[in-house]
Amino acid sequence: MEYNFSEIEKKWQDWWTANEIYKVSNDSSKPKYYVLDMFPYPSGAGLHVGHPLGYIASDIYARYKRLKGFNVLHPMGYDAFGLPAEQYAIEHGIHPAVSTAQNIQNFRKQMDKIAFSFDWSREVNTSDPSYYKWTQWIFLQLFKSFYNRQTKKAESIDVLVASFEKDGNEYHPFPNQNFQFRPTVNGQPSTGNTFTAEQWNNFSEKQQQDILMEYRLAYCGYGEVNWCEALGTVLANDEVVNGVSERGGYPVVKKKLRQWYLRITEYADRLLEGLETVDFSEAMKEMQTNWIGKSYGAEIDFKISDSDKKLRVFTTRPDTIFGVDFMVVAPEHELVEEITTPEQKQEVEEYITWVKSRSERERMAEKTISGAFTGAYAINPFDNREVPVYISEYVLAGYGTGAIMAVPCGDERDFRFAKHFDIEITNIIGEAFNGKEANPTKDAELENSNFLTGMLMRDAIKIVVEEIEDLGYGKAKVNYKMRDAAFSRQRYWGEPFPIVWKDGIAYPLDESELPLELPPMEDIKPGKDGEGPLSNNLNWIEVPASSIIDLTPNPSPKERGAKSSMPGYITSTPEQWKILSVYAKENRRNKTEAENKLWQELRNRNLNGCKFRRQHPVAGYIPDFVCLEKKLIVEIDGEYHNKEEQRKFDEVRTEWLKEYEYKLIRFTNDEVIDHLPQVLQKISESLIAGDDTGVAVAPSPLERAGGEVALRESSTMPGYAGSSWYFLRYMDPHNNETFCSKKASDYWNQVDVYVGGTEHAVGHLLYSRMWTKFLFDLGLISFDEPYKKLLNQGMIQGSSRFVYRVALWYEGKDGQEKPNFPQIVVSKGQYGNYKAKKEEFDSIIRTVVAKISSSAKIEAYSIYESHVDVNIVDGIELDIEKFKQWRNGEYANAIFILEDGSIYSESSTSKYICGVETEKMSKSKFNTVDPSDLVDKYGADTFRMYEMFLGPVEQSKPWDTKGIEGVHRFLRKFWRLFYKEVATAPSPLERAGGEVIVTNDKATDAELKILHKAIKKIEEDTERFSYNTAVSAFMVCTNELADLKCHKKEILQPLVIMLSSYAPFIAEELYHTLGNEGSVLDAVYPTFDAKYLVESSKEYPISVNGKLRTTINISLDASQKEVEEIVLQNDVIQKWLDGKEPKKIIFIKNRMVNIVI
RNA sequence: GCCCGGAUGGCGGAAUUGGUAGACGCGUCAGACUCAAAAUCUGGUAUCUUCACGGAUGUGCAGGUUCGAUUCCUGUUCCGGGCACCA
């Protein structure tokens, strides 16, 4: 029988689904194992071959662990909030919920083909209210908590309030030392950053709340963002290029906006300590450590000359205090304005304006020195030396105190700055400084340094710090590079904050009001003054103030009878139409029985003379039937609608259509088929009612509240909110009482293996580690690190293919390309000639042009590289016929100059060779490969094994489809160990007569050796995620068994079981071929027995002076002396010794022998 | 600019602890089967040199440590990832 993968894969996929083979219980006597993939963002582009790499790796491991007797949790879901969907909505008018639902369906379809052992009953989606209810809930806990530095954990804010009431903030100073606390009590300004219990009790509510905000783990503050006025929106650093927006090229400036933050800095030390308890790569730990950036140093205050102001700097090198030649302050530092002298004012302001347009990335990456002198001088507290104060972009406001003391002899940037501004450099390290470049050493002896002179810098640090503290010039300080995490986005498509503002105070919603659902909005555009799009939705954003005080639930938009400011159109915009009409056409083709039945009645104005349209786009939706005049939509719920996610989708749709003042009625499939007359009656009634059923407009909240209105937070949460805790939700995905029951999290505990890319090294991984620690502090879970082990998967890069297009210019055409002239493309080798042997190539082009037109004369020509779809290139050879059809026949009439310089015709023997380059995989580069295409062609098993065979999981590598055949051949060869194949038969049909050839004969030692060698290798490799070598071990052992013509069940069954984690379909089929009942997933992993691999001798490599000269077979029992004798007698060695005595003979048992002469 | 990775035949890669560099697969060449093609099977395939045996060179580049280095150290080049609103 032939290995018919499509039949086999369909068969077992259905069988597994029917038997719910992947369903995992929280209740099992087996030990647990949790294998998790990083959340995918369901992008519109669908999966490409890079995505499944990690999923296959984790799937193999999950299946392997199951065979090893574990209860394995291996879930999948979607990180579905995000900017791309919102951007798509803005550009195409398709609601994010809709495009996201479509994308998810597409992802799921693609994933299902690859046979992942995901327990889909646990699927989560961060944009689903039943999920983000708990994201909001955790946010509220963060909001209601502070970090108690005494107990080193998060605690309820009530604890803090109680402490304030009793002792003021004596025991809990403000976490942010830069915070300037200046409330007035009874008209008197307070001093310092402390307040007493009495003061606290006398503060107004607003004052108290402002103070508490300084402690909350989720708090609202102000932060600088890249603001683009023209787009009315905030931009990411990489969306800003040279001071203008990447999209549109509009100016971008820094702007302070109100932002929510997570006080992750409070967890900095614990995040560092935690790294010691987890199994992450050293590189990963290093990246996180560097990100947190803990450094020890000192804060020193410098007085400003002729002023009462002080400039506070942070330095890690207080030992260089006598080498300070100038100060540099961040341009946005609040002191700048106060200390700048009138003469310098203009220069400073101009510089600040310029810096405002620079992204932080640009500022850090900039090599060119820039800055401006403020005109002010700072006084070194130790020697009273006055040094100039500059501003420069290389000092960032957010790091340290936003000001540095510059020591040009010890710091490279300071040195370059000094050179640029001609500042005299003080040398405090003698010969260690050569005057040409700074020397950042800590090991030089200090000179010119007052009381430190003669000391080693390293030792001086401690002494200066003590001195600084004693003299009151400053204090020792631990600094972190990490900043609090900005937690709000001025976007629509994210979790709404469960916060209501009134008189500048943030009130949390009552937990019973969660989830606070994202309201449907038709037009997603930025709000005013940097507010999020939600601020435009007055019906949602405005809340009666009374609802805060008594915490009564707010009426839903539905209850309020939302009415939007709808634009006039009743059907889709041209843009929407363009996209949706394709789907609509598809839907019309694939009509169901019910749809057809109803359509026959509705068409031709059968019902009240109203015209119905079928699958006609309305806004961003395609209703089954719509009567545009009466604004009535009729939907039929087929099987398709029974799915959970589809229902959600439908709810959104209904909500939306209401906004358009459409009415929607819905029937089930069965109703239409079995009760058509009743259905028609109902539609008819709705049509009549439709005449006067305008949506009632309820009074606005403002009216109801009698003018007392509070506002919801208009920002939404960032992408990492939902993904910071999702691993917990999988444990208990349907729980309506809590985010995850303690019982479930106690059972599943930490994620044992977490698979994902290094691009998440410092973002997602740090945030989710912090959330875990927080939930642990509150006692909600019993572990404080989410991921026990991390496996980093490499990226799969695209392998782009190029054709070389000749652009011709003709005489008299003014540098214009002649229209209607066939395209000319040249093969890669000829493109090489164009560069190397121009004359030879010129004559080819002339010949070609002459052939096309005798009159055309070329003035000049040049050649451009142009991406071509990798899927129509076989390796590097272009499929010319497919290429001619590509992109609607853009190249249909093209002339191809082949590798040998000839012109392509049907009888050509030469080929068209494409250029190759490794680039990021992206649609615009035509180098994406859809896994589904490969699965269709070779089967999921082949695809899975090939992805693993490409190379180590951790390593990035370019994708090349070419090698997949080899893996496919291996699976067929493996198949032939079980089934006889008449290879010489002329057709597959005739070859299919082969029968099962597995025998129950006793295996020979040689066969057992092959088997156990494979068990050892494959088990070890699987255990350490070295899948490429494991696949290779399968190949080796299959080749060896085929050579021995071994068809014994004793040998084959263990192999099938091992193979099942890599190629589950073929393994399941062959497992049944061997006569087993049940699924191979529940088989037991074979046990390795070392006794089959015992060797008595080894073919030793013999080197002379480290160079291999020969090999000799020597018994493994031989002693060094015996080995020396054997080796020295060997002819080859004799020759190399050339009569000399060896100085030394190195013998390492079971390894090698080396003779040193 | 800063932090983290990576670099081995024509290609993807192997060498797990410093011990036979190139396993396995692709590609390619030759052969078998076939009227032919496909499929399948067998064998060769780092480079240079040699009729051959063999020899020399070779793991981005330049050094170093070692009896011995793809592996350890120093420097350096190029490529990839991250740098806080892409996820």
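Throughout, a chain's letter reflects where its sequence line sits, starting with A, and its residues are numbered from 1. Please read all numbers here as calculations on a predicted model, not as lab measurements.
The pair K255(A)-E224(A) does not count as a salt bridge, with every side-chain nitrogen at least 4.0 angstrom from each carboxylate oxygen. Under 4.0 Å is where a charged nitrogen must lie from a carboxylate oxygen, and between E1020(A) and R1024(A) no such pair does. Under a 4.0 Å N-O distance rule, the pair R483(A)/E360(A) qualifies as a salt bridge.
At a cut-off of 3.5 angstrom, the base of C67(B) holds at least one donor-acceptor pair with the side chain of N1154(A). One N or O donor and one acceptor, one from the side chain of K1017(A) and one from the base of U16(B), sit under 3.5 Å apart.
The nucleotide whose nearest atom lies closest to any side-chain atom of L1108(A) is, among C67(B), C24(B), A21(B), A21(B). Of the candidates C24(B), G13(B), G27(B), the closest approach to any side-chain atom of R969(A) belongs to G27(B). Of the candidates G5(B), G19(B), G13(B), the closest approach to any side-chain atom of K957(A) belongs to G13(B). For R972(A), taking side-chain heavy atoms from C-beta onward, the closest of the listed nucleotides A39(B), C4(B), U57(B) is A39(B). Listed candidates were A56(B), G5(B), G25(B). Nearest to the side chain of E286(A) is G5(B). Distances were taken from every side-chain heavy atom of R976(A) (C-beta onward) to each of U40(B), C67(B), G55(B); the shortest belongs to U40(B). Minimum atom distance to the side chain of R1151(A) is reached by U17(B), of the listed C4(B), U17(B), A15(B).
Using a 4.0 Å heavy-atom criterion, one finds that K285(A) contacts no nucleic acid atom at all. Heavy atoms of S1103(A) sit nowhere under 4.0 angstrom from any nucleic acid atom. Contacts of R416(A) with the nucleic acid, taken as non-hydrogen atoms under 4.0 Å apart, are absent. Among the heavy atoms of the strands, none lies under 4.0 Å from E965(A). K1107(A) comes within contact range of the sugar-phosphate backbone alone, with a heavy-atom separation under 4.0 Å but no base atom that close. Nucleic acid contact for R1024(A): base, since at least one base atom lies under 4.0 Å from a heavy atom of the residue. The residue W227(A) sits apart from the nucleic acid: no heavy atom pair falls under 4.0 Å.
If you look at H968(A) and F5(A), their ring centroids are closer than 6.0 Å. Aromatic rings from F487(A) and Y261(A) are positioned such that their centres are separated by 6.0 Å or more. Aromatic ring centres of F949(A) and F970(A): separated by at least 6.0 Å. Aromatic pair F1147(A)/Y1100(A): centroids less than 6.0 angstrom apart.
Remark: N1039(A) is not in phosphate contact with C24(B), judged by side-chain N or O atoms under 4.0 Å from OP1 or OP2. Contact annotation: W1136(A) reaches the phosphate of G55(B) (side-chain N/O to OP1 or OP2, under 4.0 Å).
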Original post:
So what's the dot-bracket for RNA chain B: Watson-Crick or G-U pairs under 3.5 Å, [ ] if a pair crosses, | if it pairs off-strand?
Top reply: (((((((..(((......[....)))((((((.......))))))((((....))))..(((((..]....))))))))))))....

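Of the C1' atoms belonging to A23(B) and U40(B), the separation is 24 Å, rounded to the nearest Å. When the C1' atom is compared between A56(B) and G1(B), the two are found 45 Å apart, to the nearest whole Å. Spacing between G22(B) and U77(B) at atom C1', rounded to whole Å, works out to 25 Å.
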Subject >> Heavy-atom protein contacts under 4.0 Å, nucleotides 73-87 of chain B, coded B base, S sugar-phosphate only, - none >> reply: -------SSSBBBSB

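Under the 3.5 Å distance criterion, the side-chain polar atoms of N1105(A) are matched with a main-chain donor or acceptor of I1157(A).
Anti is the glycosidic conformation of G31(B), whose angle departs from 0 by more than 90°.
Taken from CZ in F81(A) to OH in Y41(A), the straight-line distance is 10.5 Å, to the nearest 0.5 Å. Atoms CG and CZ, from L1041(A) and R976(A) in turn, are 13.5 Å apart once rounded to the nearest 0.5 Å.
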For residues 958-967 of chain A, tabulate all N or O donor-acceptor pairs below 3.5 Å that involve a side-chain atom, not counting sequence neighbours.
unit_1, atom_1, unit_2, atom_2, d
W959(A), NE1, T961(A), OG1, 2.8
D960(A), OD1, K962(A), N, 3.2
K962(A), NZ, D874(A), OD1, 2.6
E965(A), OE2, Y938(A), OH, 3.1

